[in-house]
Amino acid sequence: WQIVMRMHTSAVAAGLLFIAGCGGGSGGGGSLITAGNSWTAGVYRAASNFQSLCVNPRTGTNPATGQAYADRNGSRTDENNFLRSYSNNTYLWYDEIIDRNPAQYTTPEYFDLLKTDALTSSGAAKDKFHFTYDSAEYFALSQSGASGGYGAQLAILAAERPRKILVAFTDPNTPATTAGLLRGAEILEVDGEDAINGTDVTKLNSGLFPSEAGELHQFRLRDPDGSERNIEMTSAIITSQPVQNVQTIPSPAGNIGYLLFNDHIAPAELGLIDAVTQLAADNITDLVIDLRYNGGGFLYIANEFAYMIAGDAATAGRTFEVLRFNNKHPNTNPVTGQPINPIPFYDTDNQGQPLPTLNLSRVFVLTGPGTCSASESIINGLRGVGIEVIQIGSTTCGKPYGFYATDNCGTTYFTIQFRGENEQGFGDYTDGFSPANSATQTTVLPGCQVADDFDHALGDPTEARFAAALEYRENGSCPAATSVTFPGANKASFRAIADEELILPRNPMRENRIVEYR
């Protein structure tokens, strides 16, 4: 399973199966109070005065820049002052931060306070996306998709007892596939602890989310055919394969392409290029993109993929997205210092090579609550230039916001700095995108509300969401309303739940839109 690391927001409330613990701030010793670092409420020095003043300065070469670390001896108060000034300058809702004395908190505590406490009209937190990451781990994950685990993404359909924990998908050539794990398999026991009704949450988390490679754990599973078995898996450093199951389905009305796209990480660029090249050679006339578990990542990947879908005629000279920052910066990007200009559709890859195209006027997108951020920007960017987006599944997470990953003293900080708007100036989908026959009051797209189907493999044309896309393409209608299904034995004994309750424990970096320079 893809382990969640250093997440400073609670994924599950007390008393439920915990998905992750906290951590990830600047560690080490040092005094909380530094002489000469006085604090006056409402008065801010430039963040550059405190940048790279660290409790534990790093030495050597920064792999992200290829240059020596700029770290110098400093204090926790220096680190906190950097965050205070940086947030006051760049945070989207900077005027909703309560200014507190940076000398009175540890750095993890202080960063957690540097955000709005406001709620939306529905009572949800206005800012649900504030987190940190160890800088070295962030760099490794963002460049290669490598993280600790078994190579399977869990879907938690019920976090309270009786819990329901299923396998959503696996990455190839991992401990999960070696053990024969399939989509829809249910976790019954972890190291002898009952995963459904057990009370030893520490044991469950230790086995489900190993902290490092080389950990051996035992599991009892119920496979999709209803049979039960015991397996052992040893955790490893897993390299995600973000693009999978690329295929073409013949049809009298023209060939239909399908691909599963799970992560906007750097390796996805080549995977998407290869997929589009293959589908273009197959002369597809329609495309089904499975984004149901894609939480986001690098915005440039979303941009390139949107271009490859729509092609040059639809996108030339037009805007993929405009970044809107706080009211201190109506015309200048506060992070880069550059003028705020519309971001065009990228027609080349990161090395400047031309991208292949499909030149489609519409696209089918399979979605769920795990479809977030950069994945939603694909939808919004295409709609902005008139590409019809047909949504099959359920409401997306609703995150038009993003940030620049900011490293200081070994911790990379993610604080919301902008909202993205498309060619038409639209970016107000905080409550997500929903198919037309959904009962939710969100941004509605043509399409069908269809629950996730764990009885079938992703990419199987009989899987409920994929089948609904094919049916809609054929006759413009949706299948009968569906509810969440549960594979294997005793389906009837488990309570039905809304698809929106699905929890996908994963790295918080994979639930965001992250701007990288290109």
Side-chain angles (χ1 to χ4, degrees), residues 5-10 20-59 62 64 69-118 125-139 325-326 328-329 334-335 401 403-418 508-509 512 514:
M5 293 180 285
R6 292 169 172 81
M7 190 172 184
H8 284 281
T9 53
S10 297
C22 290
S26 53
S31 172
L32 282 174
I33 300 177
T34 302
N37 247 331
S38 61
W39 168 73
T40 302
V43 177
Y44 299 86
R45 297 174 63 192
S48 58
N49 289 295
F50 309 101
Q51 190 167 15
S52 301
L53 292 175
C54 309
V55 174
N56 293 313
R58 294 164 292 177
T59 59
N62 185 340
Y69 286 110
D71 296 5
R72 295 163 289 154
N73 286 320
S75 68
R76 285 182 179 174
T77 307
D78 290 320
E79 293 188 23
N80 290 354
N81 267 316
F82 168 78
L83 294 173
R84 175 176 178 263
S85 295
Y86 187 75
S87 298
N88 181 65
N89 184 43
T90 71
Y91 185 59
L92 186 61
W93 303 292
Y94 71 94
D95 52 354
E96 298 179 26
I97 297 174
I98 298 173
D99 191 17
R100 297 175 173 92
N101 188 342
Q104 294 181 349
Y105 302 89
T106 67
T107 302
E109 291 172 334
Y110 197 64
F111 182 70
D112 283 346
L113 296 171
L114 293 172
K115 63 183 181 69
T116 179
D117 293 324
K126 185 175 179 179
D127 184 351
K128 300 174 289 187
F129 308 102
H130 198 72
F131 71 100
T132 70
Y133 224 90
D134 176 86
S135 295
E137 292 178 0
Y138 163 69
F139 178 77
F325 296 86
N326 66 39
K328 291 183 178 181
H329 305 284
V335 179
Y401 310 115
F403 28 57
Y404 289 80
T406 303
D407 168 34
N408 192 58
C409 299
T411 298
T412 296
Y413 295 94
F414 298 84
T415 187
I416 290 177
Q417 293 158 322
F418 62 83
M509 194 199 80
N512 292 286
I514 300 169

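Fair warning: this is a prediction, and the values are worked out from it, not measured in the lab.
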Tell me, do [X] and [Y] make a side-chain contact under 4.5 Å, heavy atoms counted?
X: E79; Y: V55; value: yes
X: R84; Y: D99; value: yes
X: F139; Y: N62; value: no
X: Y413; Y: L83; value: yes
X: N88; Y: I97; value: no
X: N89; Y: H329; value: yes

[X] side, atom [atom1]; [Y] side, atom [atom2] - distance, nearest 0.5 Å:
X: T415; Y: L92; atom1: OG1; atom2: CG; value: 9.0 Å
X: S87; Y: W93; atom1: OG; atom2: CH2; value: 13.0 Å
X: T77; Y: Y110; atom1: OG1; atom2: OH; value: 9.5 Å
X: I416; Y: F129; atom1: CD1; atom2: CZ; value: 6.5 Å
X: D127; Y: Y401; atom1: CG; atom2: OH; value: 9.0 Å
X: N408; Y: C54; atom1: CG; atom2: SG; value: 5.5 Å

Taking the six-membered ring for Trp, are Y138 and F414 ring centroids under 6.0 Å apart? yes
Atom of P102, atom of N80 and distance for their closest heavy-atom approach: O-ND2, 2.8 Å
Taking every non-hydrogen atom, the tightest pair across A46 and S85: C-CB, 4.2 Å
Who are the salt bridge (charged side-chain N to carboxylate O under 4.0 Å, His left out) partners of D95, not counting sequence neighbours? none
My understanding is that only residues two or more places apart in sequence, or in another chain, count here; which of them pass salt bridge (charged side-chain N to carboxylate O under 4.0 Å, His left out) with K328? none
Hey, could you give me each pair passing salt bridge (Lys or Arg N to Asp or Glu O under 4.0 Å) that has a residue in residues 49-58? Not counting sequence neighbours. R58-D71, R58-D407
For F82, the ring pair (Phe, Tyr, Trp, His ring centres under 6.0 Å) test, sequence neighbours excluded, returns Y86
Ring pair (Phe, Tyr, Trp, His ring centres under 6.0 Å) filter on F325, not counting sequence neighbours, yields F418
Any chance you could lay out the side-chain contact (heavy atoms from CB on, under 4.5 Å) test for D117 and I98, step after step, and finish with the verdict? CA-CA 9 Å; D117 293 324; I98 298 173; 4.2 Å; yes
Between the side chain of T406 and the main-chain N/O of Y404, is any donor-acceptor distance below 3.5 Å? yes
Is a side-chain donor or acceptor of S135 paired with a backbone partner of T411 at a separation under 3.5 angstrom? yes
Sequence neighbours left out, what passes side-chain hydrogen bond (donor to acceptor under 3.5 Å, both in side chains) with S52? Give chain and number order. none
Contacts of Y69 that satisfy side-chain hydrogen bond (donor to acceptor under 3.5 Å, both in side chains) - sequence neighbours left out: none
Under the side chain to side chain contact (heavy atoms under 4.5 Å, CB included) test, which residues partner [X], sequence neighbours left out?
X: N101; answer: W39, A103, Q104
X: L113; answer: R100, Y105
X: A125; answer: K128
X: L53; answer: R72, D78

